[in-house]
Amino acid sequence: MTEIKKRLSTIVQQIRDAEQQAGRPEGSVKLLAVSKTWPAERLRQLAEAGQQAFGENYLQEALDKIEQLADLSIEWHFIGPIQSNKTRDIAGHFQWVHSVDRLKIAQRLNDQRDPSAAPLNICIQINIDEEDTKSGIAADELNALVTAILPLKQLKLRGLMIIPAQHDSDEQQRQSFQKARALFEQLKTLAPDVDTLSMGMSGDMPIAIQEGSTMVRIGTALFGERNRQIS
Ligand SMILES: *Cc1c(COP(=O)(O)O)cnc(C)c1O
């Protein structure tokens, strides 16, 4: 087995173990492979090992890889900050967007999505620890944004995405995830079909799963340290 295949099976096993310890059904947590900075060839190896969903942060880098890997049936997720002049390419080339954080972006994605294609799956990003440096809406803005997004027919609201602050203790980390979980439950009263709570990265995956994550976004633990940039 190649190194990357070993890492994939280790992560999948860790997810299954965390599901079981949390008393959650097997398969209730999906793995998104976060492949920013890694060349298309590494993604291909992982896709050939069975990984289907890949997350990218930088649009131009992602478009290059999408083209190079067009022969594979990869599900592409955009997870980076979104500038409004980038929405057309995002709407045209991705199946998911995790980082919707304002109505203008949602409207543009909706208007630019091909109506004959499947609706674009979106998550609303919440700035759960109210950090100045992070994207995402404040918790008390959620209901208004959801109400405005639900009528947009080319979008399918799937849930929430959060990136917690770096906390010193597991307990503080857990509290960020618990806040997100509570908001997710609140969201279900407005949008009963939502099914995705995108939280948990290489450093905090088991806690995120214990606290209700349905999709973990894993980069470093799969691909290694991002010590170099491509482009
Ligand atoms: C880079 C990134 C990840 C993956 O982080 P790792 O710590 O490498 O697992 C997850 N989510 C987002 C939004 C990212 O930008």
Side-chain angles (χ1 to χ4, degrees), residues 3-4 6-15 18 29-40 42-43 45-46 51-63 65 74-83 86 90 94-102 105 109 121-137 158-168 170 172-174 176-177 179-180 183-184 196-231:
E3 180 66 27
I4 198 154
K6 275 187 224 151
R7 287 183 184 208
L8 176 62
S9 61
T10 302
I11 297 288
V12 170
Q13 192 54 51
Q14 287 170 351
I15 292 173
V29 180
K30 299 201 169 55
L31 171 61
L32 180 65
V34 175
S35 44
K36 61 180 175 226
T37 79
W38 296 102
R42 296 295 298 276
L43 281 67
Q45 289 172 344
L46 204 56
Q51 177 62 26
Q52 215 203 343
F54 287 83
E56 289 280 340
N57 297 58
Y58 309 109
L59 182 62
Q60 191 52 53
E61 180 192 324
L63 293 176
K65 292 182 210 175
I74 288 177
E75 181 180 87
W76 293 100
H77 294 233
F78 192 82
I79 63 173
I82 306 175
Q83 295 161 274
K86 303 289 168 66
I90 293 173
F94 288 79
Q95 286 78 49
W96 282 72
V97 180
H98 291 226
S99 41
V100 172
D101 65 353
R102 54 200 191 277
I105 293 296
L109 290 170
N121 298 293
I122 64 160
C123 292
I124 294 173
Q125 184 175 351
I126 309 277
N127 187 352
I128 200 73
D129 291 314
E130 297 169 19
E131 296 170 279
D132 293 339
T133 53
K134 289 242 169 82
S135 320
I137 61 167
R158 298 295 295 263
L160 303 178
M161 187 272 261
I162 67 142
I163 309 171
Q166 292 278 326
H167 293 298
D168 296 332
D170 283 1
Q172 285 171 307
Q173 205 74 33
R174 189 179 297 282
S176 298
F177 293 134
K179 277 191 277 179
L183 280 175
F184 185 51
T196 302
L197 184 52
S198 167
M199 65 184 191
M201 316 202 305
S202 297
D204 55 19
M205 187 180 85
I207 304 178
I209 293 173
Q210 285 161 20
E211 299 305 335
S213 169
T214 71
M215 196 183 292
V216 290
R217 308 180 308 268
I218 306 298
T220 308
L222 273 175
F223 291 98
E225 294 288 337
R226 288 181 292 273
N227 50 9
R228 51 191 195 69
Q229 287 288 133
I230 62 165
S231 80

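This is a predicted model, so every value here is computed, not measured. Whatever order the structure lists them in is the order used to number ligands and atoms, beginning at 1.
Contact annotation: the side chain of Leu31 approaches that of Ile15 to within less than 4.5 Å [non-hydrogen atoms, C-beta and beyond]. Counting only heavy atoms from C-beta outward, the side chains of Asn127 and Ile137 never approach each other to under 4.5 Å. Looking at heavy atoms from C-beta onward, Arg174 lies in side-chain contact with Gln210 at the 4.5 angstrom threshold.
Near Arg217, meaning under 4.0 Å from one of its heavy atoms, ligand 1 places the atoms 4 (C), 9 (O), 10 (C), 11 (N), 12 (C), 13 (C). Applying the 4.0 Å criterion to heavy atoms of Ile79 picks out, from ligand 1, the atoms 11 (N), 12 (C), 13 (C), 14 (C). In summary, the atoms of ligand 1 found under 4.0 Å from a heavy atom of Asn57, numbered by their order in the structure, are 14 (C), 15 (O). Within ligand 1, counting atoms from 1 as listed, the ones closer than 4.0 Å to a heavy atom of Thr220 are 6 (P), 7 (O), 8 (O), 9 (O). With ligand atoms numbered from 1 in the order given, ligand 1 contributes 13 (C) to contacts under 4.0 Å with heavy atoms of Ile163. In the vicinity of Ile218, heavy-atom distances shorter than 4.0 Å reach the ligand 1 atoms 9 (O).
Contact analysis leaves His98 out of contact with ligand 1, as no non-hydrogen atom separation drops below 4.0 angstrom.
In this structure, Phe223 and Phe54 have tilted ring planes: the angle between them lies in the 30° to 60° band.
Ion pairing of Asp129 with Lys134 is absent here, as no side-chain N (NZ or NE/NH1/NH2) approaches a carboxylate O to less than 4.0 Å.
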